[in-house]
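It should be emphasised that the depicted structure is a prediction, and the values quoted were computed from it without experimental measurement.
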Amino acid sequence: METEILEYLENPTFSGATRIALVSDQLIALFDLQEVSPTSRREVGILTASHVMDILGRLTSSSALDFPNAEEVEASGIQSFRVPETPIRIVEIAEGERKGEFLFSGRTVRDAPRFARAISHLPLQTRLPTNSIAIFGKQLTGPLVPSFVVSSIPKPLTLLWLDTPIWKTLVLFIVFAVLIVLIFSLNSIIWAVDPQKRMLALILQSLLPLSLLFAGEILLPYLTGQINISGRFAAIVQTAETILAYIGYAWLLWLAIRMVFELIIRSPRIPDESLDADMLRLLSATLGIIGVMTVMAFGGQAIGIPILSIMAGLGIGGIAVALAVRPTLENLIGGVILYIDRPVKIGDFCSFGDHTGTVERVGIRSTKLRTLDRTLISMPNAQFADMQIINWAECDQMLIDVSIGVRYETTPDQLRYLLAQLRKMCLSHPRIDRETVRVRFSGYGDSSLNISIRVYAQTREWNDFFAIREDVLLRVYDVVGQAGTGFAFPSQTLYVARDEGVNTAESEAAEAAVASWRKSGKLPFPNPAREEVDQLQGTLDYPPTGSVEAGHREAETSANMEPLSNAEQQSLNSDPTEDERK
């Protein structure tokens, strides 16, 4: 090391600096630095080696450098020994990558500086123009720093602060300040641009992590190598460089994942504001968070943070955190359920609870819907996923279900005519599904004969549906007038007439019939006899005489039938007959 430094002082070149760096690596390899964080391991090793060189250079006893050779170690089984006249020990490494090697122990990092200061009054045997190799090494600079610049620096600025000359720390502070100003200026320029496309915005945002990577991996290491910072200040700077680099890597990974998913979303089959696009962005955010946490964990490990211990602590405290963020997790899971189940999608008109509106966005936490009064409702995903949702956009046809009442003065045949004409009107309408037409006399109201009209309009659009329903209702109005009757309204009619009483002959006939049933033991109370039930089955003429379906018992084969279940599936699920059991 002394030889290389002397040659470098005579001719400061890049090759000379490279040779010094190689010898420094050899010196660092002599020390057990497993307990030192990887980020500051090189600087700590160089500083410790310079203190050991000072210690060994000040010892005058011949026994101080009388180390056992390899044969003596193997013969005697020595596992450790102390350097004579010093607290420094050389030990055999018991585990790790360097198991079996003899190195300066890990305590040398703490013991060597203290002992070097304790014996600093002793003369140093060295060819270098200094009384302390540790201090002399801190004043060296790289080949790009002219020697006349170093020699012209005022004496007070050559004093040490955190094991580094003050003038070097000032240079680094100025560089850091300039970098911060440049990064903030770049950030302002990027956010001032308002790109219309997400991909362009992500590309512009990637300039920030790239600038951090350039600063942490290229610019600062090269600059610190040229001005040659050392000691505790070098450890701080290297930690800052590592933090900048890993932040850049994590940030760039986050943006790269989002770019990949944005490229997928840009497929023509995935609309930009659709539920699929939102869920892909949710997946990209999830993967990005996992990737960022992984990169930052490696970064923390590099600067000496015990990530494994922290993760163990987080595992214990994770329960409390999970309980604290339970609503957020529920909404996140609700969003995933909405994506998998797909009860609605962007643009669907639906009813939920007491509200009706159009879905505008399904986000990570909530679903936004535009109601009929044009207000925007933000519904938490967990609550929305548990609600009964009617998706009107998924209906293949739209139901027209109305009930009308005609006057009681309407005769039975007049009512039959009205029903027939209403059915013909619905069957002939070009926008009504003829397979689902149902027009029936539905009952006796307080002041009207009620007719139920239920048909399906062949449309999936609201305005078209209301137009079709309006046309049907107007035609119903015409048909009622053509039947010679009218719509009923709540009323009371008072009839003044002589009371003729009941029909005596019919009353006596009815009483006589009941008396004969009682006498013969055939009174049908509480239930009629089984034989009578069998005799009466199917004796009534239905469909009535004169109907086009009269005489056909299989009325259920009508084309207008609306089954409540799949007939084939029902036959498969029905109980087997007696023959099938056999």
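Scanning all heavy atoms of the two residues, the minimum distance from Val295 to Ala250 falls at CG1-N, 3.8 Å. Annotation for Ile389 and Cys350: closest pair CG2-CB, 4.1 Å, computed over non-hydrogen atoms. Taking all atoms of both residues into account, the shortest heavy-atom contact from Leu255 to Pro209 is CD1-CG, 3.9 Å. The shortest non-hydrogen separation linking Ser351 to Thr356 is OG-OG1, 3.2 Å. Across Met379 and Phe384, no two heavy atoms sit closer than the pair CG-CB, 3.5 Å. Between Ser447 and Ala488, the shortest heavy-atom contact is O-CB, 3.2 Å.
Side chain of Thr410 to main chain of Gln414: no donor-acceptor pair is present (N/O by atom type, distance under 3.5 Å, no hydrogens or angles). Panel note: side chain Thr375, backbone Thr371; no donor-acceptor pair is recorded below 3.5 Å.
The number of heavy-atom neighbours closer than 6.0 Å to CZ of Phe466, taken from other residues, nucleotides and ligands shown, is above 12. Counting non-hydrogen atoms of neighbouring residues, nucleotides and ligands closer than 6.0 angstrom, the OH atom of Tyr408 exceeds 12 such neighbours.
We find the CG-CZ distance between Asp464 and Arg469 to be 12.5 Å, quoted to the nearest 0.5 Å. A distance of 12.0 Å separates CD1 in Ile218 from OH in Tyr222, rounded to the nearest 0.5 Å. To the nearest 0.5 Å, the span separating CG on Asp396 from OG1 on Thr459 amounts to 11.5 Å. Distance check, rounded to the nearest 0.5 Å: OG of Ser403 to CD1 of Ile453 gives 8.0 Å. Here CZ of Phe214 is found 11.0 Å from CD1 of Ile183. Values are rounded to the nearest 0.5 Å. Remark: Ser284 OG to Trp254 CH2 distance equals 6.5 Å, nearest 0.5 Å.
Taking 4.5 Å as the limit, every side-chain heavy atom of Phe349 sits out of range of all side-chain heavy atoms of Val359. Phe487 places a side-chain heavy atom less than 4.5 Å from the side chain of Ile404. Arg407 is not listed as a side-chain neighbour of Leu449, based on a closest heavy-atom distance of 4.5 Å or more. Contact annotation: the side chain of Arg460 never approaches that of Phe465 to less than 4.5 Å [non-hydrogen atoms, C-beta and beyond]. Residues Thr485 and Glu409 form no side-chain contact, since every pair of their non-hydrogen atoms from C-beta on lies 4.5 Å or further apart. Side chains of His429 and Cys426 form no contact here, defined as non-hydrogen atoms less than 4.5 Å apart. Looking only at side-chain heavy atoms (C-beta outward), Arg440 and Arg423 come within less than 4.5 Å of each other.
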Verdict with supporting geometry, Leu263 and Met259, side-chain contact (heavy atoms from CB on, under 4.5 Å): CA-CA 6 Å; Leu263 288 175; Met259 287 181 188; 5.6 Å; no
I'd like to know whether Val292 forms a side-chain contact (heavy atoms from CB on, under 4.5 Å) with Leu253, so could you lay out the CA-CA distance, the side-chain angles of the two residues, the decisive distance to 0.1 Å, and finally the verdict. CA-CA 7 Å; Val292 168; Leu253 176 63; 5.6 Å; no
Where do Leu220 and Val175 land on the side-chain contact (heavy atoms from CB on, under 4.5 Å) test, with the steps shown first? CA-CA 9 Å; Leu220 288 176; Val175 171; 3.9 Å; yes
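Salt-bridge annotation for Arg370 and Glu360: present, with a side-chain N of the basic residue lying under 4.0 Å from a carboxylate O of the acidic one. Salt bridge annotation for Arg431-Asp471: absent, with no cationic side-chain nitrogen under 4.0 angstrom from a carboxylate oxygen. Ion pairing of Asp478 with Arg475 is absent here, as no side-chain N (NZ or NE/NH1/NH2) approaches a carboxylate O to less than 4.0 Å.
Judged by distance alone, the side chains of Tyr249 and Glu217 do bring a donor and an acceptor atom under 3.5 Å apart. Side-chain polar atoms of Ser442 and Ser452 form no donor-acceptor pair below 3.5 angstrom. In the model, Ser448 has a side-chain atom that pairs as donor or acceptor with a side-chain atom of Asn450 under 3.5 Å.
Of the candidates Ile432, Val439, Val437, Val455, Val437 is the only one forming a side-chain contact (heavy atoms from CB on, under 4.5 Å) with Leu427.
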